[in-house]
Amino acid sequence: MTSSAAAKIKQQAVPAESASRPALLLDWYDRHRRRLPWRAAAGERADPYRVWLSEIMLQQTGVKTVGPYFEKFLARWPDVAALGRASLDDVLRMWAGLGYYSRARNLHACAVAVLRDHGGIFPDTEEGLRRLPGIGPYTAKAIAAIAFDIRTMPVDGNIERVVSRLYAVEEPLPQAKPLIGVLAEMLLGPSRPGDSAQALMDLGSSICTPKKPACALCPLDDDCAARLRGDQETFPRKAPKKAGTLRRGAAFIVTRGDELLVRTRAEKGLLGGMTEVPGSAWLAEQDDKMALKQAPQVNGVTRWHRKTGVVTHVFTHFPLELVIYIADVAARTRAPAGMRWVPIATLADEALPNVMRKAIAHGLDI
DNA sequence: AAACCGTGGCA
DNA sequence: TTGCCAAGGTT
């Protein structure tokens with residue numbers, strides 16, 4: 001641990017009964033653990049492939065949202081070798097709608113690496129896992145603890161909240177991460193590190209919730225510094241984040257009979273590698289006239305019909321307003337360079353991010 | 001190291 | 001309705 005973290009621990013109120021916390025936590029987990037598709041039955045070792053797949057999908061994404069995607073992936077690619085042999089395009093199509101698309105690229109790259117460099121077997125150490133694409137400090141610890149029973153404590157958003165309340169951590173996030181990491185490790189007992197981590201996650205998800213925590217049901221209720229002070233809901237402390245600026249743009253819905261004109265976005269950056277309809281840049285300080293000037297040159301299109309209304313979408317760091325223009329062209333019209341026609345009937349199978357699904361739905365009145 | 005990177009649920 | 005939040009990683 002760092003010396004600064006050690007110094008901060010001395011400032012924390014650590015209740016005398018803290019030695020029993022790991023046992024209280026595991027007892028509670030044995031009675032109240034959630035049943036999740038990627039989670040092994042009590043007492044059984046989890047499948048590293050399922051643990052890894054679920055951890056990647058769960059990065060900044062809720063359990064409820066992940067469920068169907070996890071089942072779809074598992075049915076199509078039952079092990080890491082199968083996923084490593086899949087095409088990136090197939091993986092992106094299956095991932096469409098889940099967001100943070102660099103995760104899908106890294107997922108595929110990781111499966112390829114495990115297949116090629118590790119014979120299809122996941123490394124069984126935190127350090128080995130950490131070297132794989134898409135696996136950062138948190139995920140390496142989570143897989144190590146849950147799949148390989150290694151004594152380490154991953155700290156996700158749930159655990160940050162639980163621990164910051166348990167010890168009434170006054171330092172705001174993200175500065176408090178090292179301190180919270182050290183305090184979280186103190187909740188590991190002599191055995192079952194993976195269950196200890198999952199116990200804290202379940203506790204944070206079902207009892208120690210962001211608002212109106214159900215402290216009366218918490219196994220650590222009379223051992224929680226924030227609860228003793230009565231201000232548990234004010235933890236964790238957080239630095240306020242600045243709001244993103246509204247950006248505007250135009251999307252162009254070009255049909256050729258029952259087909260739609262699309263293209264593929266650049267590999268990196270926002271919605272990297274995903275399919276989109278042609279559109280203007282997305283900029284603050286851009287009006288409809290400027291956006292319309294960026295319409296693609298399509299043979300036979302002399303004027304655009306503007307759909308009434310706007311499509312709105314909120315990304316992590318900015319909101320977006322899209323104006324929609326439509327045009328229809330004759331059969332056999334060539335797609336402009338870098339673009340292609342796809343049947344509207346098969347759009348569901350395309351790697352279309354949700355913002356594009358919204359734009360297309362608005363343009364096509366569907 | 002701060003910014004970038006999606007989306008849906010929920011109060 | 002608006003803002004917060006979710007099993008973070010990469011650059």
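What you see is a predicted model, and the numbers here were worked out from it, not measured in a lab. Numbered from 1 within each chain, the chains take letters A, B, ... in sequence-line order.
- Within the nucleic acid shown, A:K358 has no heavy atom closer than 4.0 Å to any nucleic acid atom.
- A:V355 comes within 4.0 angstrom of sugar-phosphate atoms only, judged by non-hydrogen atoms across all strands, and of no base.
- Here A:P154 lies out of heavy-atom contact (under 4.0 Å) with every strand.
- Annotation for A:I121: atom CD1 does not count as buried by contact number, only 12 or fewer foreign heavy atoms lying within 6.0 Å.
- The separation between A:Q60 atom CD and C:dG9 atom P is 9 Å, rounded to whole Å.
- Across all strands, A:K212 comes closer than 4.0 Å to no nucleic acid atom at all (heavy-atom distances).
- Here A:K177 does not reach the OP1 or OP2 of C:dG8: none of its side-chain N or O atoms lies under 4.0 Å away.
- Between A:E185 and A:R151 no salt bridge is recorded (no basic side-chain N to carboxylate O distance below 4.0 Å).
- Contact annotation: A:T139 side-chain N/O to C:dG9 OP1/OP2 distance is under 4.0 Å.
- At a threshold of 4.0 angstrom between heavy atoms, the contacts of A:I143 with the nucleic acid are absent.
- The residue A:L271 sits close only to the backbone: its heavy atoms come under 4.0 Å of sugar-phosphate atoms, none of a base.
- The span of DNA chain B lying next to chain A, judged by atoms under 4.0 Å from heavy atoms, is bounded 5' to 3' by B:dA3 to B:dC10.
- Across all strands, A:W38 comes closer than 4.0 Å to base atoms (heavy-atom distances).
- Contact annotation for A:R39: base contact, defined as any heavy-atom pair under 4.0 Å involving a base atom.
- Test A:R263, A:R93, A:R340 against A:E350 for salt bridge (Lys or Arg N to Asp or Glu O under 4.0 Å) and you get one pass: A:R340.
- Not a single ring pair (Phe, Tyr, Trp, His ring centres under 6.0 Å) links A:Y100 to another residue, sequence neighbours left out.
- Ring geometry for A:F252 against A:Y325 counts as parallel: the plane angle stays under 30°, on a 0 to 90° scale with 60° as the upper cut.
- The closest side-chain heavy-atom distance from A:T275 to A:M356 is not below 4.5 Å.
- Residue contacts shown for A:G272 are absent, as no nucleic acid heavy atom lies under 4.0 Å away.
- A:Y100 places its OH atom 14 Å from the P atom of C:dC5, with the value rounded to the nearest Å.
- Residue-level contact check: A:S102 touches neither bases nor backbone, having no heavy atom under 4.0 Å from any strand.
- Atom CD of A:E267 has 12 or fewer heavy atoms from other residues, nucleotides or ligands within 6.0 Å.
- One can place CG of A:D156 at 5 Å from P of C:dG8, the figure rounded to the nearest angstrom.
- Aromatic ring centres of A:W38 and A:Y49: separated by at least 6.0 Å.
- With DNA chain C read from its 5' end, the first of the two nearest nucleotides for A:L132 and A:G204 is the one closest to A:G204.
- With DNA chain B read from its 5' end, the first of the two nearest nucleotides for A:F318 and A:T65 is the one closest to A:F318.
- Spacing of P atoms, B:dG6 relative to C:dT11, comes out at 14 Å, to the nearest Å.
- The separation between A:W52 atom CH2 and C:dG9 atom P is 14 Å, rounded to whole Å.
- For the pair A:R103 CZ and C:dG8 C1', the computed distance is 9 Å after rounding to whole Å.
- One interatomic measurement links the two molecules: NZ of A:K211 to P of C:dC5, which rounds to 7 Å at whole-angstrom precision.
- The NZ-C1' distance, from A:K64 to C:dC5, rounds to 15 Å in whole Å.
- If you measure from atom CG of A:L173 to atom P of C:dG8, you get 13 Å, rounded to the nearest angstrom.
- Annotation for A:R237: atom CZ counts as buried by contact number, over 12 foreign heavy atoms lying within 6.0 Å.
- If you check every strand for non-hydrogen atoms under 4.0 Å, A:R34 touches a base.
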